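In this chain, residues are counted from 1 in sequence order. For ligands, and for the atoms within them, numbers begin at 1 and follow the listed sequence. Remember, predicted model here, so these are calculated numbers, not experimental data.
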Amino acid sequence: MQVPFLADLVSLVDPTSPWSFLNYLRSRQRLFPFYFAERFHLPRREYEHYCSWAAERLPNCRFGAPVSAVHWDAAEQLFRVTADGREFAARNLVVGVGTEPYRPPAFATLAGHPRVWHCGQYLDRRSALAGPQDITVLGSGQSGAEVFLDLLRTRSGDDTRLRWLTRTRGRPDGVLQARAGALHP
Ligand SMILES: Cc1cc2nc3c(=O)[nH]c(=O)nc-3n(C[C@H](O)[C@H](O)[C@H](O)COP(=O)(O)OP(=O)(O)OC[C@H]3O[C@@H](n4cnc5c(N)ncnc54)[C@H](O)[C@@H]3O)c2cc1C
């Protein structure tokens with residue numbers, strides 16, 4: 001992760017909360033190994049385990065429940081939230097709907113093309129990349145970087161040609177190519 005473990009679900013707001021990353025470590029009997037390792041930036045997989053650990057213990061936590069409407073009930077002084085065809089009442093509401101995948105207009109005609117994906121689908125469709133021997137990642141953002149790194153790690157050793165087209169100052173030609181795990185500007 002790019003932020004230290006203190007930026008967990010709770011610590012900076014309430015360091016005494018039982019949902020802290022440190023409490024997660026203690027429940028897994030990993031507090032001392034973590035302390036001795038002195039690595040404050042967690043691997044993403046560990047952060048995912050921590051979030052799963054917290055979510056499993058929150059009985060009102062629901063996933064895959066699209067919210068289709070929110071109304072303010074002035075008489076009751078609460079919000080009425082419609083999700084999955086059911087109505088929930090809430091005194092307080094936090095909205096965190098994230099961003100939509102963005103596809104630049106120049107690529108509009110490629111929407112739905114079986115060989116062109118937005119990186120938001122990468123993890124779901126990664127296994128489909130087992131066959132192709134020539135893969136190009138477009139985009140200078142962190143997602144592009146992480147996809148390219150993942151491909152480098154998983155495809156090094158075979159003869160796959162990987163390209164990353166990116167607008168970074170360090171690479172005026174904007175092309176990084178990799179073959180068999182070695183990087184070539
Ligand atoms: C590759 C990558 C790496 C990153 N690494 C880091 C990092 O190391 N450290 C860091 O601090 N940040 C990192 N970030 C940024 C971080 O992921 C985002 O800032 C953060 O996830 C934004 O949180 P959010 O809750 O606003 O949106 P999201 O995490 O996108 O969550 C929004 C959720 O709302 C759901 N949703 C949308 N509409 C509805 C609806 N109508 N009903 C129900 N649910 C709905 C969506 O399905 C989604 O699950 C990274 C981002 C990327 C892309």
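Protein non-hydrogen atoms do reach within 4.0 Å of atom 5 (N) of ligand 1. For atom 34 (O) of ligand 1, the nearest protein heavy atom lies under 4.0 Å away. Atom 38 (N) of ligand 1 lies below 4.0 Å from at least one non-hydrogen atom of the protein. Shown here, atom 25 (O) of ligand 1 is in close reach of the protein: a heavy atom of it lies under 4.0 Å off. The presence of a protein heavy atom under 4.0 Å from atom 48 (C) of ligand 1 is ruled out. Distance remark: protein heavy atom not present below 4.0 angstrom from atom 17 (O) of ligand 1.
Listed by atom number, the atoms of ligand 1 under 4.0 Å from G96 heavy atoms are 25 (O), 31 (O), 32 (C), 33 (C), 34 (O). Interface atoms of ligand 1 facing A65, defined by a heavy-atom separation under 4.0 Å, are 43 (C). Near P66, meaning under 4.0 Å from any of its heavy atoms, are these atoms of ligand 1: 42 (N), 43 (C). Near S143, the atoms of ligand 1 lying under 4.0 angstrom from a non-hydrogen atom of the residue are 1 (C), 53 (C).
Across L42, V67, V97, heavy-atom proximity to atom 40 (C) of ligand 1 is greatest for V67. Of the listed residues (Q142, E100, M1), the one carrying the non-hydrogen atom nearest atom 50 (C) of ligand 1 is Q142.
In this structure, F40 and F34 have parallel ring planes: the angle between them is below the 30° cut-off, well short of the 60° mark. Ring-plane geometry between Y35 and F32 is classed as perpendicular, the angle between the planes exceeding 60 degrees on a 0 to 90 degree scale with a lower cut at 30.
Ion pairing of D134 with R163 is present here, as a side-chain N (NZ or NE/NH1/NH2) and a carboxylate O approach within less than 4.0 Å. A salt bridge is absent between E76 and R91; no separation between the charged side-chain nitrogens and carboxylate oxygens falls under 4.0 Å. A salt bridge links R44 with E146: at least one charged nitrogen is closer than 4.0 Å to a carboxylate oxygen. A salt bridge does not link R155 to D150: none of the charged side-chain nitrogens sits closer than 4.0 Å to a carboxylate oxygen.
Contacts with ligand 1 closer than 4.0 Å are made by heavy atoms of both the backbone and the side chain of Q2.
Heavy-atom neighbours of R26 CZ from other residues, nucleotides or ligands within 6.0 Å: at or below the threshold of 12.
At a cut-off of 3.5 Å, with distance as the only test, a side-chain donor of S11 or D8 sits close to an acceptor on the other residue.
A single hydrophobic cluster is seen to contain both M1 and V10, as judged by linkage of ILVMFWY side chains at heavy-atom distances under 4.5 Å, directly or through other members.
Nearest protein heavy-atom neighbour of atom 28 (P) of ligand 1: G98 CA, 4.0 Å. Ranking protein heavy atoms by distance to atom 10 (C) of ligand 1, first place goes to V3 CG2, 4.4 Å.
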